[in-house]
Amino acid sequence: MKRDDSRTMANKEYPPSKDAPQFKCPHCGTIAQQHWSTLRFTRDQHTGQPHTAFLGAFKPRMNAYAVSGCQVCSEVAFWRAGTLVWPIANQIPAPSADMPEAVKIDYEEARAIYELSPKGAAALLRLAIQKLCVNLGGTGENLNADIGKLVKNGLRENVQQALDVVRVIGNNAVHPGQIAIDDDVKVVSALFGLVNIVVENMITQPAKVAEMFNALPDRQKEQIEKRDS
């Protein structure tokens, strides 16, 4: 059976990796070919001042500084001893387009510090869903109570579970609990996707349905209203 290369590529994440001919660019997020150059720090023989020199498209050595250049956005990334040092690769998904601005601020801050402080990111995401629950009709005084109120109002079980996962892990980030965040940062990275799932279910989808319903002819909407009354 012939392999579908395009499907194979789509199913791979291609994180930034030393020597890789292509990976997901940490700048533009595109899976793109990379141009590699080594970078050596030397001193001017006359002035003694340090300067750098690119040594062309050579394969970077483990003990050398290296630069990879994205063939799509033309931005460069800097590597030392085979480790990406700038920019910090962020594989966390961007916030949903319909995420309320106040929630998005905390989400983006959590996204920015995730690799440096998973605990801090988890705590910020808990704050984000607390603000999100306020946007959905909660008081903001007690997150657990706000989720319970949403459940009484018909919140879908999968959305309730997503909220509670972020709430519980976020609480554990601030107060010692049974979840060892330092030992399993993948748990924290998954929280970002859960926040987007809540936004999709509670804001994006209802807005799309309402838009389509409102586009129906007034006569049909009146008939539906009479039926339901």
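Think of Leu124 as one node in a network of Ile, Leu, Val, Met, Phe, Trp and Tyr side chains linked at under 4.5 Å; its network also takes in Ile113.
The cluster map of Ile, Leu, Val, Met, Phe, Trp and Tyr, joined by side-chain heavy atoms under 4.5 Å apart, puts Ile105 and Met99 in different clusters. Hydrophobic clustering (ILVMFWY, side-chain heavy atoms < 4.5 Å, transitive): Leu127 and Val195 are in distinct clusters. Residues Leu125 and Val134 are members of separate hydrophobic clusters, defined by side-chain heavy-atom contacts under 4.5 angstrom among Ile, Leu, Val, Met, Phe, Trp and Tyr. A chain of hydrophobic side-chain contacts below 4.5 Å, direct or via other Ile, Leu, Val, Met, Phe, Trp or Tyr residues, connects Val67 to Val85.
With hydrogens and angles disregarded, a donor-acceptor distance shorter than 3.5 Å links the side chain of Asp146 to the backbone of Thr139. Although no hydrogens or angles enter the test, the distance criterion places no donor-acceptor pair under 3.5 Å between the side chain of Lys18 and the main chain of Trp79. Panel note: side chain Asp19, backbone Trp36; no donor-acceptor pair is recorded below 3.5 Å.
Every residue two or more places apart in sequence or in another chain that forms a side-chain hydrogen bond (donor to acceptor under 3.5 Å, both in side chains) with Gln130 is listed here: Arg126. For Asp228, there are no salt bridge (Lys or Arg N to Asp or Glu O under 4.0 Å) partners at least two apart in sequence or on another chain. Applying the side-chain contact (heavy atoms from CB on, under 4.5 Å) rule to Glu157 yields the partners Gln160, Gln161; only residues at least two apart in sequence or on another chain are considered.
Within the structure, every pair that satisfies the ring pair (Phe, Tyr, Trp, His ring centres under 6.0 Å) test and touches residues 93-113, not counting sequence neighbours, is listed here: Tyr107-Phe192. Under the salt bridge (charged side-chain N to carboxylate O under 4.0 Å, His left out) criterion, the residue pairs touching residues 213-227 are Asp218-Lys221, with sequence neighbours excluded. Note on residues 99-108: pairs passing salt bridge (charged side-chain N to carboxylate O under 4.0 Å, His left out), not counting sequence neighbours, are Asp106-Lys131, Glu108-Arg111.
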Problem set entry | Stepwise side-chain contact (heavy atoms from CB on, under 4.5 Å) check, Asn135 with Val103 | CA-CA 9 Å; Asn135 185 270; Val103 180; 5.6 Å; no
Exercise. Cys73 and Thr30: side-chain contact (heavy atoms from CB on, under 4.5 Å), yes or no, with the steps?
Worked result: CA-CA 9 Å; Cys73 69; Thr30 304; over 6 Å; no
For this session: Given side-chain contact (heavy atoms from CB on, under 4.5 Å), test Cys70 with Gln34 step by step and report yes or no.
Result: CA-CA 5 Å; Cys70 175; Gln34 302 293 321; 4.1 Å; yes
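Separation of atoms CZ (Arg167) and CG (Asn144) is listed at 4.0 Å; rounding is to 0.5 Å. A distance of 10.0 Å separates CD1 in Ile147 from CG in Leu132, rounded to the nearest 0.5 Å. In this structure, the separation between NE2 on His35 and OG on Ser74 is 11.5 Å, given to the nearest 0.5 Å. Atoms CG and CG, from Asp164 and Asn171 in turn, are 10.0 Å apart once rounded to the nearest 0.5 Å. Taking CD1 from Ile169 and CG from Leu191, the interatomic distance works out to 4.5 Å, rounded to the nearest 0.5 Å.
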Could you pull out every donor-acceptor pair under 3.5 Å between side chains of residues 197-217 and any protein atom, sequence neighbours left out?
| from | atom 1 | to | atom 2 | distance (Å) |
| --- | --- | --- | --- | --- |
| Asn201 | OD1 | Arg156 | NH1 | 2.9 |
| Asn201 | ND2 | Ile197 | O | 2.9 |
| Thr204 | OG1 | Asp98 | OD2 | 2.7 |
| Asn214 | ND2 | Ala210 | O | 3.1 |

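Ala94 approaches Asn196 most closely through the heavy-atom pair O-ND2, 3.1 Å. Ser68 and Phe23 get closest at one heavy-atom pair: OG-CZ, 3.8 Å.
Across Asn172, Val165, Val166, a single residue satisfies side-chain contact (heavy atoms from CB on, under 4.5 Å) together with Val168, and that is Asn172.
A heavy-atom distance below 4.5 Å is not found between the side chains of Val72 and Cys25. Looking at heavy atoms from C-beta onward, Leu163 lies in side-chain contact with Leu155 at the 4.5 angstrom threshold.
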